[in-house]
Amino acid sequence: MEDFLRLYGEAAKTAVGFFWKAGWAFIMGYAISAMIQAFVPRQRMTAHMGSFGFQPIALSTIFGAISSSCSFAALAAARSLVAKGAHWIAGVAFMFASTNLVIELGILILIFLGWQYLVAELIGGLLLITISAVLMRLFYPRRWLEEARESVEHDAPEEEDFSPMQRMRSREGWRLVGHHFVSEWKMVWQEVLIGFTIAGFMKVFVPAEFWQTIFLMNLQGQIPDVLIALENAVVGPFVAALTFIGSMGNIPLATVLAGSGVAFAGIMAFIYSDLMVPPLVKVNAKYYGWPVALYIAGIMFVSIVITALVLHFGFLALGITPEATAGDAAHDQFAVDYTLFLNVAFAVVAAGLVWLHHRHKQAVGLSGGHGARTFQDYVTWVCIGVLATGVVTYLLK
């Protein structure tokens with residue numbers, strides 16, 4: 001019992017340490033994202049996404065990169081694009097871009113995993129979009145997709161067009177920045193909390209040998225490295241699916257895998273698979289029906305496996321494969337270093353943006369109503385209780 005309480009306290013402290021290391025990065029990332037969403041008129045781009053070609057896919061990629069990093073928001077926005085006439089290939093490109101090429105995710109990867117993983121994430125994000133576009137062009141179930149489009153066309157909301165410079169010079173524009181900032185946090189804070197909590201407890205309670213067995217790292221030298229990389233690329237998405245965590249919450253989990261010696265292909269496949277977790281596949285099924293949802297998931301799975309393998313062997317050939325170790329965020333989490341000063345500075349920024357959000361609510365008459373409780377709500381409260389109890393246990397021990 002003594003050992004369990006010690007490990008329990010250490011796990012809670014590790015999870016809170018992950019939050020501490022990433023706090024300033026979250027605030028900066030979502031602040032930049034909020035400014036982009038407030039000041040970039042998106043309506044002008046959506047009008048050019050209705051066909052297959054370089055321009056529609058490039059526009060949807062840019063659109064995704066400047067949109068929300070929340071996985072659920074990405075699916076909702078992609079649905080809106082399809083309903084407005086965007087090509088399905090552009091819709092899938094948007095999903096990949098909004099969960100792999102956004103600023104806040106890149107900052108988080110840099111902190112937790114290092115610059116090689118950030119470079120891989122950016123290159124791989126573009127590869128994912130290219131490969132998925134080719135696969136969808138080759139295997140295009142026209143009848144399924146057109147029926148799905150017809151079922152969502154009547155739900156497309158109107159997008160506002162505006163002058164970016166005029167909005168940037170207005171008080172209303174900056175209040176809208178605060179509103180977008182708070183709205184982003186409301187969408188992602190639960191999955192971030194759950195993901196960071198799971199990562200902290202996995203790091204302490206799950207031995208590295210467990211992950212090495214699942215990803216065949218214990219068989220290095222006994223079977224060809226090519227087969228290990230292939231197995232890692234295939235298994236990574238399934239491990240991600242079992243976590244039920246979206247894009248921003250799975251980076252600390254990827255850090256745990258990296259610290260356990262998992263191959264580069266497995267870690268990248270895990271990171272890219274946030275759109276394949278069961279709750280998100282179910283959302284797509286609700287939008288388009290199960291045949292189209294499973295078709296999109298299948299395209300994503302094949303694209304992820306191919307991309308992970310290309311990155312693995314490409315980085316290996318260039319001699320820049322990251323070492324199989326956790327980043328700095330997994331160690332010395334509460335040291336008096338740049339993190340402390342950045343967290344304090346960006347806490348002030350966050351307070352200012354929250355104030356702007358409240359001014360926006362007052363100006364437009366928004367209310368703060370709550371919807372029905374979801375399963376994720378209850379899981380979130382459990383995680384909060386587990387962390388609070390764990391931190392008290394750590395301090396007492």
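Note that these values count all heavy atoms, side chains included, but never hydrogens, waters or copies made by symmetry. Residue numbers run from 1 in the order of the sequence given.
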Inset, instruction - Please name all residues satisfying ring-ring contact (aromatic ring centres under 6.0 Å, His included) with Phe315, sequence neighbours left out, ordered by chain then number. - result: Phe264

Legend entry - Cluster overlap Val16 with Leu395, hydrophobic side-chain contacts below 4.5 Å: yes

Inset, instruction - Please confirm whether the backbone N or O of Met276 pairs with a side-chain atom of Ser273, one donor and one acceptor, at under 3.5 Å? - result: no

Inset, instruction - Would you please indicate if the ring centroids of Phe112 and Phe18 are separated by under 6.0 Å? - result: yes

Legend entry - Linked, directly or transitively: Trp24 and Val348 (ILVMFWY side chains, under 4.5 Å): no

Legend entry - Closest heavy-atom pair and its distance - Ser303, Leu135: OG-CD1, 3.5 Å

Legend entry - Single-linkage hydrophobic cluster, 4.5 Å side-chain cutoff, Leu318 and Val226 together: yes

Legend entry - Side chain Tyr295, main chain Phe139, donor-acceptor under 3.5 Å: yes

Inset, instruction - Would you indicate whether the side-chain heavy atoms of Arg167 and Leu176 approach each other to under 4.5 Å? - result: yes

Inset, instruction - Kindly work out whether a path of hydrophobic side-chain contacts (I/L/V/M/F/W/Y, heavy atoms less than 4.5 Å apart) joins Phe210 to Met217. - result: yes

Inset, instruction - Report yes if some heavy atom in the side chain of Leu113 is under 4.5 Å from a heavy atom in the side chain of Pro322; otherwise report no. - result: no

Inset, instruction - List the steps, then state whether side chain to side chain contact (heavy atoms under 4.5 Å, CB included) holds for Ile123 with Thr307. - result: CA-CA 9 Å; Ile123 295 173; Thr307 299; over 6 Å; no

Inset, instruction - Report yes or no: does Tyr272 contribute a side-chain atom to a donor-acceptor pair with the main-chain N or O of Met300 at less than 3.5 Å? - result: no

Legend entry - Single-linkage hydrophobic cluster, 4.5 Å side-chain cutoff, Ile214 and Leu227 together: no

Legend entry - Validation row: Phe201, Val386 side chains within 4.5 angstrom (heavy atoms): yes

Legend entry - Closest approach of Ala254 to Ile271 (non-hydrogen atoms, all atoms of both residues): CB-CG1, 3.8 Å

Inset, instruction - Give me the other members of the hydrophobic cluster that Tyr378 sits in, counting Ile, Leu, Val, Met, Phe, Trp and Tyr linked by side-chain heavy atoms under 4.5 Å, directly or via other members. - result: none

Legend entry - Minimum side-chain heavy-atom gap Trp189-Leu193 below 4.5 Å: yes

Legend entry - Under 3.5 Å: donor-acceptor pair, side chain of Thr61, backbone of Ala97: no

Legend entry - Any donor-acceptor N or O pair under 3.5 Å, side chains Asn218, Glu209: no

Legend entry - Distance (rounded to the nearest 0.5 Å) between Thr99 OG1 and Leu105 CG: 8.0 Å

Legend entry - Arg6 and Glu10 ion-paired at < 4.0 Å: no

Inset, instruction - Can you label the angle between the Phe215 ring and the Trp211 ring as parallel, tilted or perpendicular, going by 30° and 60°? - result: tilted

Legend entry - Side-chain heavy atoms of Leu110 within contact of Trp115, under 4.5 Å: yes

Legend entry - Within-4.5 Å side-chain heavy-atom neighbours: Trp88 and Ile296: yes

Under 3.5 Å donor-acceptor pairs involving side-chain atoms of residues 124-132, not counting sequence neighbours:
from   : atom 1 : to     : atom 2 : distance (Å)
Thr130 : OG1    : Leu126 : O      : 2.9
Ser132 : OG     : Leu128 : O      : 2.9
Ser132 : OG     : Ile129 : O      : 3.0

Inset, instruction - Could you point out which residue of Val256, Val235, Asn232 forms a side chain to side chain contact (heavy atoms under 4.5 Å, CB included) with Val262? - result: Asn232

Legend entry - Gap separating the OG1 atom of Thr380 from the CD atom of Gln190, nearest 0.5 angstrom: 3.5 Å

Legend entry - Smallest separation among heavy atoms of Leu311 and Ala120, with atom names: CD1-O, 3.7 Å

Inset, instruction - Tell me who clusters with Leu294, hydrophobic residues only, linked when side chains sit under 4.5 Å apart either directly or through other members. - result: Val281, Trp290

Legend entry - Rounded distance (nearest 0.5 Å) linking atom NE2 of His357 with atom CD of Gln362: 10.0 Å

Legend entry - Evaluation steps, side chain to side chain contact (heavy atoms under 4.5 Å, CB included), between Val204 and Tyr8: CA-CA 8 Å; Val204 173; Tyr8 177 41; over 6 Å; no

Legend entry - Within-4.5 Å side-chain heavy-atom neighbours: Glu121 and Met268: yes

Legend entry - Heavy-atom donor-acceptor pair, Asn284 side chain to Leu75 backbone, under 3.5 Å: no

Legend entry - Heavy-atom pair of closest approach, residues His312 and Ala265: ND1-N, 3.2 Å

Legend entry - Atom pair CZ/CG of Arg359 and Leu356 - distance to nearest 0.5 Å: 8.5 Å

Legend entry - Spatial distance of atom CD1 (Ile198) from atom CG (Leu253) [nearest 0.5 Å]: 6.5 Å

Legend entry - With sequence neighbours excluded, residues passing ring-ring contact (aromatic ring centres under 6.0 Å, His included) with Phe238: Phe301

Legend entry - Nearest heavy-atom neighbours spanning Ser260 and Gln212: O-NE2, 2.9 Å

Inset, instruction - Quick one: sort the Trp174 and Phe39 rings into parallel, tilted or perpendicular, breaks at 30° and 60°. - result: perpendicular

Inset, instruction - Quick one: pull up OH in Tyr30 and CD1 in Ile107 and give me the separation to the nearest 0.5 Å. - result: 10.5 Å

Legend entry - Neighbour count >12 (heavy atoms, 6.0 Å) for atom OH, Tyr140: yes

Inset, instruction - Starting from Phe54, walk the hydrophobic network (Ile, Leu, Val, Met, Phe, Trp, Tyr; side-chain heavy atoms closer than 4.5 Å) and list everyone else you reach, by chain and number. - result: none

Inset, instruction - Return yes if some donor-acceptor pair links the side-chain N/O of Arg149 with the main-chain N/O of Ala86 below 3.5 Å, else return no. - result: yes

Inset, instruction - Measure the shortest side-chain to side-chain distance between Val182 and Leu353 over non-hydrogen atoms and say whether it is less than 4.5 angstrom. - result: no

Legend entry - Smallest separation among heavy atoms of Ser60 and Ala93, with atom names: OG-CB, 3.4 Å

